[in-house]
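Here's the structure we're looking at; comments come further down.
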Amino acid sequence: MAYKINDDCISCGACADGCPTDAITEGDSKYVVDEEKCIDCGACADVCPVSAPAQA
Ligand code: SF4
Ligand code: SF4
């Protein structure tokens, strides 16, 4: 399991700053989660202002 960021992302960067495994990076139109690095902690969903990260 890994978190996935949906199209509601406004690229604020808060999730990337809070991710313990540096799994989140800025993509072309939104931030993206590296499924290999995600440990399913949920921190990104907690800090996101638009609830874009969710368990995939
Ligand atoms: Fe990073 Fe945790 Fe979000 Fe996975 S669930 S992308 S490890 S903050
Ligand atoms: Fe996008 Fe939410 Fe991450 Fe901000 S915290 S970059 S809106 S997924």
Side-chain angles (χ1 to χ4, degrees):
M1 289 287 282
Y3 272 64
K4 207 172 162 77
I5 294 172
N6 69 29
D7 292 343
D8 291 340
C9 174
I10 55 171
S11 295
C12 73
C15 56
D17 291 342
C19 178
T21 61
D22 289 328
I24 306 175
T25 54
E26 189 172 7
D28 287 338
S29 59
K30 62 178 183 179
Y31 274 60
V32 291
V33 175
D34 181 341
E35 292 183 15
E36 300 291 314
K37 291 184 179 175
C38 179
I39 56 169
D40 244 7
C41 72
C44 50
D46 289 342
V47 299
C48 181
V50 295
S51 302
Q55 268 174 326

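Order of listing sets the numbers, starting from 1, for every ligand and every atom in it. These figures come from a predicted structure and were not determined experimentally.
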Legend entry - Shell of protein N/O/S atoms around atom 4 (Fe) of ligand 2, taken as anything under 2.8 Å: C12 SG

Inset, instruction - Mind listing the closest non-hydrogen atom pair of C38 and A23 along with its distance? - result: N-CB, 3.8 Å

Legend entry - M1 CE to E35 CD distance, which is reported to the nearest 0.5 Å: 10.0 Å

Legend entry - Under 4.5 Å side-chain linkage, directly or through intermediates, the cluster mates of I24: I5, Y31, V33

Inset, instruction - Step through the shown structure and confirm whether more than 12 heavy atoms of other residues, nucleotides or ligands are within 6.0 Å of NZ on K30. - result: yes

Legend entry - Smallest separation among heavy atoms of A45 and P53, with atom names: CB-O, 3.7 Å

Inset, instruction - Nearest 0.5 Å please: distance from the CG atom of N6 over to the OG atom of S51. - result: 8.5 Å

Inset, instruction - With heavy atoms of I24 as the reference, note each atom of ligand 1 found under 4.0 Å away. - result: 6 (S)

Inset, instruction - Can you list, by chain and residue number, the protein N, O or S atoms under 2.8 Å from atom 2 (Fe) of ligand 1? - result: C41 SG

Legend entry - Residue pairs passing the salt bridge (charged side-chain N to carboxylate O under 4.0 Å, His left out) test where at least one lies in residues 36-56, sequence neighbours excluded: none

Inset, instruction - Just need the protein heavy atom nearest to atom 8 (S) of ligand 2, so name the residue and atom and give the distance. - result: I5 CG2, 3.6 Å

Inset, instruction - State, to 0.1 Å, how close S11 and S29 come at their nearest heavy-atom pair, and which atoms those are. - result: OG-O, 3.8 Å

